[in-house]
Amino acid sequence: MKDYVGLLLIAITLCCVSAGEISLDRNSRIVNGLNAANTPYNAYVLYLNSANSGFFGGGSLISDRHVLTAAQNIAGFVRWEVGLGSTVFGQLNIQISSQAVAHPSFNMANRANDIGFIVLPQPIVFTALISPIQLPIQGRNLPYENEEGMIVGFGFNSVGGQVRSDFLKVGYQRVISDSRCVGIYQITLPNHFCAEDSVMRSNVCNGDLGAGFVVSDRRIDTLVGVASLITASCDSTSPTGYTRVSQYRQWIRDNTGV
């Protein structure tokens, strides 16, 4: 599924990579998704190391200065270029950050504690197109089994696709049982959960790791998961593994004030 030309065009479109060469070792995004409506918390993240090589991922705006994402998008990298404010890829507003914090107990081997945040250099002025997502109320261990959540990202329209979408795509997945989840990924419960779309077969791929899983809690959109684990190849049938945000609610508050 790797599309080196297509992914290089993504970097050119962002106008945010200068002389360095992007290493395009990871695949792209939501498959079998629909065009998303305005999703003001969604962040597109390009993360780069000291050699100016890097990859693509997702994130969620949680305050005027913080984007919650996966720790795997932070550990070992030194610069983050964050796109906000549009469902059209070429119209994203870009901020470049040199500050991010991964969870201190993050383990890349099994994705334990795969959560962290990027600190934006300038506070965001909230508008109808850019605004933060609510985090879970402390003590509520969301999401519940069989609860439906939403995941968004820019990228391929179908399994085996070769051209990224110019528009933000959305998929809807339901949380599966913990017993099925631990049979697929080496995780520690309840710090992770898994979800799948057994109807439309929408799913995330490597380039969307870090994106948010959002449910409606008491009629308020709430960020409950961070995309963390997928199978070796981007497909439409295997469940996605998510870091459960509620397990890290106090850590987020202690480090961001949110």
Identify each donor-acceptor pair in which a side-chain atom of residues 214-227 lies under 3.5 Å from a protein atom, sequence neighbours left out, and give them as a table.
unit_1 : atom_1 : unit_2 : atom_2 : d
Asp217 : OD1    : Arg140 : NH2    : 2.7
Asp217 : OD2    : Arg140 : NE     : 3.4
Thr222 : OG1    : Ile220 : O      : 2.9

Look at the aromatic rings of Phe77 and Tyr47 and report parallel, tilted or perpendicular, splitting at 30° and 60°.
-> perpendicular
Answer with yes or no whether the hydrophobic clustering places Ile74 together with Val78; edges join I, L, V, M, F, W, Y residues whose side-chain heavy atoms lie under 4.5 Å apart.
-> no
Quick one: pull up CZ in Arg79 and CD1 in Ile118 and give me the separation to the nearest 0.5 Å.
-> 12.5 Å
Supply the atom-to-atom distance Glu196 CD to Arg174 CZ, rounded to the nearest 0.5 angstrom.
-> 11.0 Å
Residues which pass salt bridge (Lys or Arg N to Asp or Glu O under 4.0 Å) with Glu147, listed by chain and number, not counting sequence neighbours = none
Partner residues of Thr39 under the side chain to side chain donor-acceptor pair (under 3.5 Å) criterion, sequence neighbours left out | none
State the OH-NE2 distance between Tyr242 and His192, to the nearest 0.5 angstrom.
-> 11.5 Å
Start with the C-alpha distance between Ile187 and Val182, add both sets of side-chain angles, then the distance that settles side-chain contact (heavy atoms from CB on, under 4.5 Å), and finish with yes or no.
-> CA-CA 6 Å; Ile187 59 171; Val182 297; 3.8 Å; yes
Scan residues 118-127 for pairs that pass salt bridge (charged side-chain N to carboxylate O under 4.0 Å, His left out), counting only residues two or more places apart or in two chains.
-> none
When you look at Leu84 and Gln95, which way does the side-chain contact (heavy atoms from CB on, under 4.5 Å) test go after all the steps?
-> CA-CA 8 Å; Leu84 297 162; Gln95 282 207 33; 5.7 Å; no
Backbone N/O of Trp80 and side chain of Ser97: donor-acceptor pair under 3.5 Å = no
Quick one: which residue pairs count as a salt bridge (charged side-chain N to carboxylate O under 4.0 Å, His left out) with a foot in residues 95-109, not counting sequence neighbours?
-> none
Can you name the residues that form a side chain to side chain donor-acceptor pair (under 3.5 Å) with Thr243, not counting sequence neighbours?
-> none
Side chain of Asn191, backbone of Gln247: donor and acceptor closer than 3.5 Å?
-> no
Show which side-chain atoms of residues 122-138 pair as donor or acceptor with protein atoms under 3.5 Å away, not counting sequence neighbours.
unit_1 : atom_1 : unit_2 : atom_2 : d
Thr127 : OG1    : Leu129 : N      : 3.0
Thr127 : OG1    : Ile130 : N      : 3.2
Gln138 : OE1    : Arg253 : NH1    : 2.7
Gln138 : NE2    : Gln250 : OE1    : 2.5

Sequence neighbours left out, cut at 3.5 Å: what donor-acceptor pairs do the side chains of residues 54-71 make with other protein atoms?
unit_1 : atom_1 : unit_2 : atom_2 : d
Ser63  : OG     : Arg65  : N      : 3.0
Ser63  : OG     : His66  : N      : 3.1
Ser63  : OG     : His66  : ND1    : 2.7
Arg65  : NE     : Leu120 : O      : 2.4
Arg65  : NH2    : Leu120 : O      : 2.8
Thr69  : OG1    : Gly58  : O      : 2.7
Thr69  : OG1    : Asn73  : ND2    : 2.9

Which residue pairs satisfy the salt bridge (charged side-chain N to carboxylate O under 4.0 Å, His left out) criterion with at least one member in residues 90-104, sequence neighbours excluded?
-> none
Angle class for the Phe193/Phe213 ring planes (parallel below 30°, perpendicular above 60°, tilted otherwise)?
-> perpendicular
Under the ring pair (Phe, Tyr, Trp, His ring centres under 6.0 Å) test, residues paired with Tyr185 that sit two or more places apart = none
The reported gap from CG in Leu229 to OG in Ser238 (rounded to nearest 0.5 angstrom) is 12.0 Å
Quick one: does Asn113's side chain have a donor or acceptor within less than 3.5 Å of a partner on Ser105's backbone?
-> yes
Determine whether the side chains of Thr240 and Asn203 contain a donor N or O and an acceptor N or O closer than 3.5 Å.
-> yes
Establish whether Ile115 and Val258 are linked, either directly or via other cluster members, by ILVMFWY side-chain heavy-atom contacts under 4.5 Å.
-> yes
Considering only heavy atoms from C-beta outward, does the side chain of Trp251 approach that of Val101 to under 4.5 Å?
-> yes
Set of side chain to side chain donor-acceptor pair (under 3.5 Å) partners for Ser177, sequence neighbours left out | Ser179
Has the side chain of Arg111 got a donor or acceptor atom that lies under 3.5 Å from a matching backbone atom of Ser228?
-> yes
Hey, does the side chain of Asp197 reach the backbone of Met200 with a donor-acceptor pair shorter than 3.5 angstrom?
-> yes
Please round to the nearest 0.5 Å and tell me the distance separating atom CZ of Phe117 and atom OG1 of Thr256.
-> 6.0 Å
How long is the span from the CG atom in Asn110 to the CD atom in Gln186, to the nearest 0.5 Å?
-> 5.0 Å
Taken in chain and number order and not counting sequence neighbours, the residues that satisfy side chain to side chain donor-acceptor pair (under 3.5 Å) with Asn141 are Ser246
